[in-house]
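First comes the structure, then the notes that go with it.
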Number of protein chains: 2
Amino acid sequence: MGRKREFDEEAVLAGAMMAFRRHGYAGLSVIELEAATQISAGSLYNAYGDKEGLYRAVFDFYFRKVIDPRIGAAQTLDDLEKVAIDLFNPPFSDGLGCLVTNAAVEFRNSAGTGGHFAGRGLDIIEAAALRAVRADMGDGNEPAALRIVLLYQGMLVLTRAGRLSNAYKDAVRAEFDRLRRQAKSTFPAIREQNAKGD
Amino acid sequence: MGRKREFDEEAVLAGAMMAFRRHGYAGLSVIELEAATQISAGSLYNAYGDKEGLYRAVFDFYFRKVIDPRIGAAQTLDDLEKVAIDLFNPPFSDGLGCLVTNAAVEFRNSAGTGGHFAGRGLDIIEAAALRAVRADMGDGNEPAALRIVLLYQGMLVLTRAGRLSNAYKDAVRAEFDRLRRQAKSTFPAIREQNAKGD
DNA sequence: CTAGTTTTAGTATGGACATTCTAGAATGGA
DNA sequence: TCCATTCTAGAATGTCCATACTAAAACTAG
């Protein structure tokens with residue numbers, strides 16, 4: 001019933017995702033979205049209702065493809081360190097930052113769609129940090145987890161400013177090294193116990 | 001020669017500063033600027049040329065009133081800790097974040113006026129962190145300074161998202177405590193030497 | 001006093017933008 | 001093979017925006 005959709009939805013969302021990461025929401029026009037997605041505004045409106053609907057779909061896509069598998073799935077300090085250090089490697093070194101961080105700054109205080117998704121993303125990041133710290137260091141080190149959240153968000157700000165030099169890579173690595181050292185010395189049993197699980 | 005300016009320039013810049021902090025550059029219309037500054041668009045254009053000229057003037061004002069005295073003048077870890085912890089206290093707890101951080105995210109990669117000022121602000125913040133760490137901890141601890149920069153920028157992202165809870169305050173304080181402890185134990189002479197200076 | 005200059009408020013303008021409309025093309029069930 | 005439905009491209013629309021313009025008001029040098 002009805003004509004088949006001609007465009008590849010994943011490709012459209014991927015293109016729009018790059019464009020929203022680069023320009024933000026307000027800074028990206030529908031005309032630019034036509035170029036980024038290679039489909040006409042008519043099709044965009046037919047498929048997603050309006051610009052905000054596309055933004056929502058892009059955010060869902062971003063959670064599904066980037067946040068959930070990378071951060072939502074992180075269980076250990078090593079996993080989180082990889083997430084952070086990957087900001088220095090392709091494809092994450094493109095300088096466009098994270099849709100979540102960018103939206104948190106663009107849409108203040110959880111207002112509207114952008115703020116809602118930003119909040120959801122920060123929930124996931126916070127939860128991952130707490131999970132990893134508890135797994136590797138035991139309870140009572142929640143402040144270390146929150147500092148990881150702050151470090152990571154700070155990295156994304158500097159990324160966006162084109163200022164995330166290799167000196168920052170060393171600084172972040174050193175922090176994870178320190179946490180792991182502290183984990184081993186203070187709670188030597190915990191990592192062993194983790195290793196046994198599953 | 002000519003009519004006197006009726007408005008108080010500092011008040012206009014202060015009002016525009018709040019509005020730009022709240023809404024960003026693109027997200028703030030000239031009509032909203034009329035309300036925020038209490039002067040008409042005609043006067044704004046006469047005084048500042050265009051919207052970008054006003055933005056530049058606001059940024060200069062922000063450096064002069066906020067960045068330079070608070071961060072540019074910071075010499076020690078204590079000074080920097082105060083800057084960070086003040087994000088939890090009025091007037092800095094208004095949730096609007098820092099013009100520098102917001103501009104760094106809005107204007108990617110130092111592009112244009114916003115990026116230029118963001119870069120200048122980040123220069124000052126980085127320099128202050130390095131100065132404080134060197135003063136209190138001696139050379140060789142530059143990574144600690146960069147982590148302070150990241151923590152601070154991360155705090156500003158969470159502020160903007162309305163998520164900078166008191167738990168983060170403790171986490172940040174604990175980090176500064178740790179740095180001071182490390183400073184004392186590793187370089188006991190340095191703080192004494194500092195105290196003598198001047 | 002007044003001529004010249006700057007400031008002010010308000011209106012006008014031209015462009016950009018999100019969105020809607022239109023007409024035709026593709027699809028699949030009856 | 002139609003026919004209802006969905007999709008697509010592009011043109012049309014109305015709104016909002018930054019900025020330019022206008023005329024009056026206020027000020028100062030001479």
Side-chain angles (χ1 to χ4, degrees), chain A residues 1-59 61 103 106-107 111-115 117, chain B residues 1-59 61 102-103 106-107 111-117:
Chain A
M1 357 129 130
R3 181 173 171 178
K4 251 193 233 155
R5 205 159 269 187
E6 280 178 15
F7 62 82
D8 172 359
E9 178 147 24
E10 298 262 308
V12 163
L13 292 175
M17 180 188 84
M18 290 301 278
F20 276 123
R21 283 211 306 139
R22 184 180 301 271
H23 300 290
Y25 179 78
L28 183 65
S29 72
V30 173
I31 291 180
E32 290 170 307
L33 275 168
E34 291 188 278
T37 59
Q38 303 274 41
I39 63 174
S40 69
S43 296
L44 285 177
Y45 275 83
N46 178 65
Y48 302 103
D50 56 12
K51 186 184 170 188
E52 189 183 318
L54 173 59
Y55 191 59
R56 267 192 298 262
V58 164
F59 243 121
F61 179 78
E106 181 171 3
F107 304 93
T113 298
F117 279 106
Chain B
M1 14 127 117
R3 181 171 171 177
K4 252 193 232 155
R5 203 161 270 185
E6 281 177 16
F7 63 83
D8 173 0
E9 177 147 24
E10 298 262 309
V12 163
L13 292 175
M17 180 189 83
M18 291 300 278
F20 277 123
R21 283 211 305 139
R22 185 180 299 271
H23 300 291
Y25 180 78
L28 182 67
S29 73
V30 172
I31 291 180
E32 290 170 306
L33 275 168
E34 291 188 276
T37 58
Q38 303 274 40
I39 63 174
S40 69
S43 296
L44 286 176
Y45 275 83
N46 178 64
Y48 302 103
D50 56 11
K51 185 184 171 188
E52 190 184 317
L54 174 58
Y55 191 60
R56 267 191 299 259
V58 163
F59 243 120
F61 180 78
N102 298 354
E106 181 171 3
F107 304 93
T113 297
H116 162 76
F117 279 106

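Remember, it's a predicted structure, so these values are computed and weren't measured experimentally. The sequence lines fix the lettering, A, B, ..., with proteins before strands; numbering per chain opens at 1. The figures that follow rest on heavy atoms only: side chains count, while hydrogens, waters and symmetry mates do not.
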Can B:K51 be said to sit on top of B:Y45's aromatic six-ring, NZ or CZ under 6.0 Å from centre and within 45° of the ring axis? no

Indicate, with a heavy-atom threshold strictly under 4.0 Å, whether [X] touches base, sugar-phosphate, or nothing.
X: A:S29; answer: sugar-phosphate
X: B:D50; answer: sugar-phosphate
X: B:L33; answer: nothing

Any heavy-atom pair between the side chains of A:E9 and A:F61 that's under 4.5 Å? no

Side chains of A:F59 and A:M17, heavy atoms from C-beta outward: is any pair under 4.5 Å? no

[N] [atom2] sits how many Å from [X] [atom1], rounded?
X: B:Y48; N: C:dT7; atom1: OH; atom2: P; answer: 11 Å
X: B:E34; N: C:dA9; atom1: CD; atom2: P; answer: 9 Å
X: B:E6; N: D:dA25; atom1: CD; atom2: P; answer: 13 Å
X: A:E52; N: C:dC17; atom1: CD; atom2: C1'; answer: 16 Å
X: B:Q38; N: C:dT8; atom1: CD; atom2: C1'; answer: 15 Å
X: B:N46; N: C:dG10; atom1: CG; atom2: P; answer: 16 Å
X: A:L54; N: C:dA18; atom1: CG; atom2: C1'; answer: 13 Å
X: A:K4; N: D:dT5; atom1: NZ; atom2: C1'; answer: 15 Å

Check the phosphate of C:dA9 against B:S43, side-chain N and O only, distance under 4.0 Å to OP1 or OP2. Yes or no? yes

Check whether the side chains of A:S40 and A:E34 place a donor and an acceptor atom closer than 3.5 Å, and report yes or no. no

What nucleotide among [options] has an atom nearest to a side-chain atom of [X]?
X: B:R5; options: C:dG28, D:dT28, C:dT8; result: C:dT8
X: B:R3; options: D:dC7, D:dA26, C:dA9; result: D:dA26
X: A:I31; options: C:dC17, D:dA9, C:dT27; result: C:dC17
X: B:Y45; options: D:dA20, D:dA9, C:dC17; result: D:dA20
X: B:K51; options: C:dT8, D:dA18, C:dC17; result: D:dA18
X: A:V30; options: C:dC17, D:dT8, C:dT19; result: C:dT19

Has B:E106 got a side-chain atom pairing as donor or acceptor with B:A26's backbone, closer than 3.5 angstrom? yes

When the nearest nucleotide of DNA chain D is assigned to A:I39 and to B:L28 on a heavy-atom basis, which residue is associated with the more 5' position? A:I39

